[in-house]
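So the structure is just underneath, and the comments pick up after that.
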Amino acid sequence: MGSRLFVLADADSFYASCERVFHPQLMHRPIVVLSNNDGCVVSRSREAKQLGISNGLPWFKIRSQAEHDGVIARSSNYELYASLSARMMRLMASIMPDQEIYSIDECFLRGFQDPKRTRIACRFMRDTVLRGIGIPLTIATAPTRTLAKIVSHYTKHQGGGIGDWDLLKHQDPDVLDRIDVSEVWGVGRRLTRRLQGMSITTAGDLSRADPALIRHHFSVLLQRTVLELRGVPAIELDDFDAISGFRKQQIMCSRMFGHPITGLPDLSAAVSTYAQQAATRLRRQGSLTGMLTVFIATSPYSQGYQARSGSVILPDPADDPLTIARAAVSTLPHMIDPHARYVRAGVMLANLTSAASFQTFDGMDAKRDNGLGMVLDQANRKFGLQSVGIGWAGIKGKGRSKQETGAKWNMKRQRLSNRGTTRWDELCVVKAR
DNA sequence: TCTGGGGTCCTAGGACCC
DNA sequence: TCTGGGGTCCTAGGACCC
């Protein structure tokens, strides 16, 4: 008794809920948030779900019906979501111990020795985040992370709030047999199909499967899932760096363009921009990169789809924006098809090492940022992303609030809400009478 | 006309070594 | 006809997550 439970706190329809924080008039209205370029639906409020709108639908296909139904659509506003997420996470970490941030809208925490105290803390945490940030949470407690995920799913289906595995199990001893195996954390589409072939169709079936057999037919990951469904903790999230948060092992910056582009100059500008953004994230986590990959692709939905990629091994690990941007752009002439209409490009940084522990040998030195990167980072923090950068003269100033480049490859974001927590000129205005 | 953007981990198989 | 047996390291690809 008294073993500490896993607590999973997960925001309800996070992006859609964020849109409501500074626009309370959106409460109780159907909202969808669209992916970059206003492409697909990525988040729906409960009201939008009730209208039968599912995730991943292309907006242009459902737009007329949705607007007819009174659905409000927003471009995704990651700046706002990231800022609200950080506030929410800090608040939760102050209430319960051992937070592991799992994604922008969910984290695991550990309960207290006394289950009663854990229950009280969960309730307090939910009220505090709702009042202090304006985001509704679903909170689930269970002896393993996998069961906490299941409780969370189940609780959200019931309308959200707080759920507990022991209570659920007590009310409905066969609850796992009522949950499709595809809903289990770690079981995706492919595994679902293969498991069904072995007559494993529910979470209950999977929990009763022989772990050794599962290991043999699948992998150690799924074996751990079986144990977790039985209440035995087997999954660790241990790459958490207490000092700098998550230290990524790979950094990718990639975008679909607002319009297709052709030719080296435009493509170079886009790739240079993404390389600099990736380098900023690299410096933020205090890493150096040893290898960089650039990829470009035409539309997979049109004839003659082509995707190419090229890599550069850097002679010395680097975090300086000039080296990284230059290396990224240098891959393009070898890859580019001068007639192709590209719709997407990206830059990936790999072979990351810690800048702090990088050892220099004679004749081998890291291409460390000589101060330029730091200045760029500071300027961009102060004046907004992409205010200043290397080599993109002439593409500035046509975007909203002069904060985006005016280039045609820039994302389409026609329904962007205000970034009220990160931009002075987009602060929420309150009038008192 | 119009279909996202990140990440992680594991496994299999090849290269190479003794 | 015969053509060892391991170990390690690396990479590509597959699977999953949100």
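In what follows, chains are A, B, ... by sequence order, proteins preceding strands, each numbered from 1.
- For A/I104 and B/dG5, the CD1 to P distance is 15 Å, given to the nearest whole Å.
- Within 4.0 Å of A/R193, counting heavy atoms only, lies no atom of the nucleic acid at all.
- In this model, the phosphate group of B/dG6 is not approached by any side-chain N or O of A/Q250 to a distance below 4.0 Å at OP1 or OP2.
- Closest to the side chain of A/R281, from the set B/dG6, B/dT8, B/dG4, is B/dG6.
- With B/dC10, C/dA15, B/dG6 as the choices, the nucleotide that has an atom nearest any side-chain atom of A/R190 turns out to be C/dA15.
- Side-chain proximity of A/S254 to B/dT11, B/dG6, B/dT3: nearest is B/dG6.
- Distance A/I150 CD1 to C/dC17 P: 12 Å, rounded to the nearest Å.
- A/Q277 and A/T273 share no side-chain donor-acceptor pair at under 3.5 Å.
- If you check every strand for non-hydrogen atoms under 4.0 Å, A/W185 touches sugar and phosphate atoms only.
- A/K412 has no side-chain polar atom (N or O) that falls below the 4.0 Å cut-off from OP1 or OP2 of B/dG4.
- Taking the C1' atom of each, B/dC16 and C/dG4 are spaced 16 Å apart, rounded to whole Å.
- Side-chain contact annotation: A/R344 with A/S254, donor-acceptor N/O pair under 3.5 Å present.
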- request: Apply ring pair (Phe, Tyr, Trp, His ring centres under 6.0 Å) to the pair A/F6 and A/W185, showing each step before the final yes or no.
  value: CA-CA 15 Å; A/F6 287 94; A/W185 191 37; 9.9 Å; no
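- Taking the charged nitrogens against the carboxylate oxygens, A/E67 and A/R63 do have a contact shorter than 4.0 Å, which makes a salt bridge.
- When distances are taken from the side chain of A/C40 to each of B/dT3, B/dG5, B/dT11, the shortest belongs to B/dT3.
- Phosphate proximity of B/dC9 to A/R224: absent, as no side-chain N or O sits under 4.0 Å from OP1 or OP2.
- With B/dG4, B/dT11, B/dC9 as the candidates, the nucleotide lying closest to the side chain of A/S219 is B/dT11.
- Between A/D337 and A/R308 there is no salt bridge, since no side-chain nitrogen of the basic residue lies less than 4.0 Å from a carboxylate oxygen of the acidic one.
- Nearest nucleotide to the A/L191 side chain, out of B/dC2, B/dC9, C/dC16: C/dC16.
- Note on A/R194: nothing from the nucleic acid sits closer than 4.0 angstrom, heavy atoms only.
- Of the nucleotides present, B/dG7 is the one that pairs with C/dC16 by Watson-Crick or G-U wobble criteria, both distances under 3.5 Å.
- Taking every side-chain heavy atom of A/Y102 into account, C/dC18 is the closest of B/dG5, B/dC9, C/dC18.
- Of all nucleotides listed (B/dT11, C/dC18, B/dC10), B/dC10 comes nearest to the side chain of A/L221.
- Of the candidate nucleotides B/dG7, B/dT3, C/dC16, B/dG7 has the atom lying nearest to any side-chain atom of A/I251.
- Counting any heavy atom pair closer than 4.0 Å across all strands shown, A/R344 reaches sugar-phosphate atoms only and no base atom.
- As judged by a 4.0 angstrom heavy-atom cut-off over every strand, A/V33 is placed among residues making no nucleic acid contact.
- Between B/dT3, B/dG5, B/dG7, one nucleotide has an atom nearer to the side chain of A/M252 than all others, and that is B/dG7.
- At a threshold of 4.0 angstrom between heavy atoms, the contacts of A/D105 are confined to the sugar-phosphate backbone, with no base atom among them.
- Atom CZ of A/R326 sits in a sparse spot, with 12 or fewer heavy atoms from other residues, nucleotides or ligands closer than 6.0 Å.
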